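Structure record follows, encoded as structure tokens.
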Amino acid sequence: MFHSFCSICVLINLCCFEVTMATGCDIDHVTINATSGVSLNIPAGKLENVEKIILKRNNGSTSTKLFSYDLQSKKPLLRNRRYSFYDLNGTVQFVELREKDEGNYVLVKERGTYEEMCSFNIKVYGQIRNISINQSLVLVNDTCVVILNCTALAKDETTFYWSRDQEDLRHNSNILQIILTSDNVDSYYNCTAKNSVSKSSVTIKPFTGCKMPPEKNFDFVAVSVSVSLAVLGIILALQIYKVVLRRHKTTGTFTLTPPERAPLPEPVEPQAAGFLTIYSQVQRTPVKNNIATGTERPRAEHMHRLVRCRFASWIPSTGV
């Protein structure tokens, strides 16, 4: 009786051992790093003698069945569009992982009453996007210092690496300080951001000059203003010269001083009444009387004869 019982136990153990060896589990107690937005395939391992595949999610002390598939009929028993099974390669697929998919899972392979469970953990990382380098300049003790700040859009822990002209700088911070010299003024700097599932890089050539200190900056502004005013003065003088030259071309002459007025004639003193001379008569004769017509001509002839008579009376007689 006892011998028969032992024989049955040995047969059961051999049967169980054969099933276990036939199925196996390649992902037991493994953490899988996955990328958000990308589908993930979980290998189910050897599936000989396996009748059913079940995917569960552990929530502490409880578990939730997410998906099940019948290998005999090759049909899903519990449908869920987020999960699927592929017979060709024997994998369970998580369709387009999300951040909320991160957690602990159990893959159950059943044959009759026997179950083999493979537990694994999924860690979902976001892809690194929008990597860029911001740079600023600082003047420290007359030394030009360039600060490069490498940033990337990623919610997870990200590691940064720097290189100069494809040579590793062994600097793992996202901020890099550079002292510009003649040796590196033309160098290119590369920043690479990397996490568990993705990486991205960007290259930049730093600025070649620094800002001046406030007092030097003030002197520079003063000199700039002075030069600007001088240039404006020269331009204004040229414009005035052009206007004067244009006027000269139009009138034929020009002067910068206003024209002088013609002198006014001196007033003529009136002659005393009753005193008349030949010259006064002549001077008083209007010019227009020489060309007078009509009634003015007899008077002119009378004056002419009067002058001749008086002039003849002054000439002494010669006795001829």
Side-chain angles (χ1 to χ4, degrees), residues 1-128 154-159 194-199:
M1 184 70 180
F2 177 78
H3 179 73
S4 300
F5 177 79
C6 290
S7 299
I8 295 173
C9 290
V10 170
L11 291 175
I12 293 175
N13 289 334
L14 288 174
C15 180
C16 294
F17 178 79
E18 288 177 359
V19 171
T20 302
M21 292 299 294
T23 57
C25 188
D26 299 332
I27 57 171
D28 194 22
H29 299 93
V30 173
T31 298
I32 302 173
N33 295 324
T35 304
S36 176
V38 179
S39 297
L40 174 66
N41 294 324
I42 304 296
K46 295 180 180 181
L47 298 177
E48 295 179 9
N49 302 320
V50 177
E51 300 174 354
K52 188 186 300 182
I53 292 290
I54 301 172
L55 178 64
K56 298 181 179 180
R57 179 167 184 171
N58 284 337
N59 300 313
S61 58
T62 61
S63 62
T64 302
K65 183 181 291 189
L66 302 176
F67 173 77
S68 64
Y69 185 84
D70 189 345
L71 294 174
Q72 303 298 323
S73 62
K74 299 185 182 300
K75 294 181 180 180
L77 301 176
L78 178 62
R79 295 179 179 273
N80 191 325
R81 61 181 183 179
R82 293 290 322 282
Y83 313 98
S84 61
F85 181 81
Y86 290 94
D87 290 290
L88 294 178
N89 55 10
T91 58
V92 177
Q93 184 182 70
F94 288 69
V95 180
E96 295 183 359
L97 278 175
R98 305 170 186 174
E99 293 183 4
K100 65 179 183 179
D101 292 329
E102 186 172 288
N104 296 316
Y105 294 84
V106 176
L107 183 63
V108 182
K109 295 183 284 188
E110 289 187 356
R111 184 191 178 201
T113 58
Y114 175 78
E115 293 183 350
E116 180 184 10
M117 294 183 294
C118 303
S119 61
F120 59 93
N121 176 267
I122 296 179
K123 178 70 175 178
V124 181
Y125 291 89
Q127 286 185 320
I128 295 177
K155 296 182 179 180
D156 307 295
E157 183 178 354
T158 304
T159 305
K194 183 178 180 181
N195 61 12
S196 299
V197 295
S198 63
K199 68 177 181 179

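For clarity, every value in this text was computed on a predicted model and none was experimentally measured.
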Residues in side chain to side chain donor-acceptor pair (under 3.5 Å) contact with Glu96, at least two apart in sequence or another chain: none
So which heavy atom on [X] is nearest to which on [Y], and how close?
| X | Y | answer |
| --- | --- | --- |
| Glu157 | Asn195 | O-CB, 3.5 Å |
| Ile53 | Val50 | CD1-CG1, 4.3 Å |
| Ser68 | Leu78 | OG-N, 3.1 Å |
| Ile122 | Ala34 | CG2-CB, 4.3 Å |

Criterion side chain to side chain donor-acceptor pair (under 3.5 Å) against Asn104, the qualifying member of Asn59, Thr31, Asn121: Asn121
[atom1]-[atom2] distance between [X] and [Y], expressed to the nearest 0.5 angstrom:
| X | Y | atom1 | atom2 | answer |
| --- | --- | --- | --- | --- |
| Ile128 | Thr158 | CD1 | OG1 | 4.5 Å |
| Lys75 | Tyr69 | NZ | OH | 10.0 Å |
| Leu71 | Leu77 | CG | CG | 9.5 Å |

Glu99 side chain vs Ser36 backbone, donor-acceptor pair below 3.5 Å: no
Backbone of Ile54 reached by a side-chain donor or acceptor of Lys65 within 3.5 Å: no
Greater than 12 external heavy atoms within 6.0 Å of Arg82's CZ: yes
Validation row, ring centre Phe94 to ring centre Tyr105 under 6.0 Å: yes
Reference residue Glu116; test salt bridge (Lys or Arg N to Asp or Glu O under 4.0 Å); the match among Arg111, Lys109, Lys52: Lys109
By salt bridge (charged side-chain N to carboxylate O under 4.0 Å, His left out) - contacts of Lys123 (at least two apart): Glu102
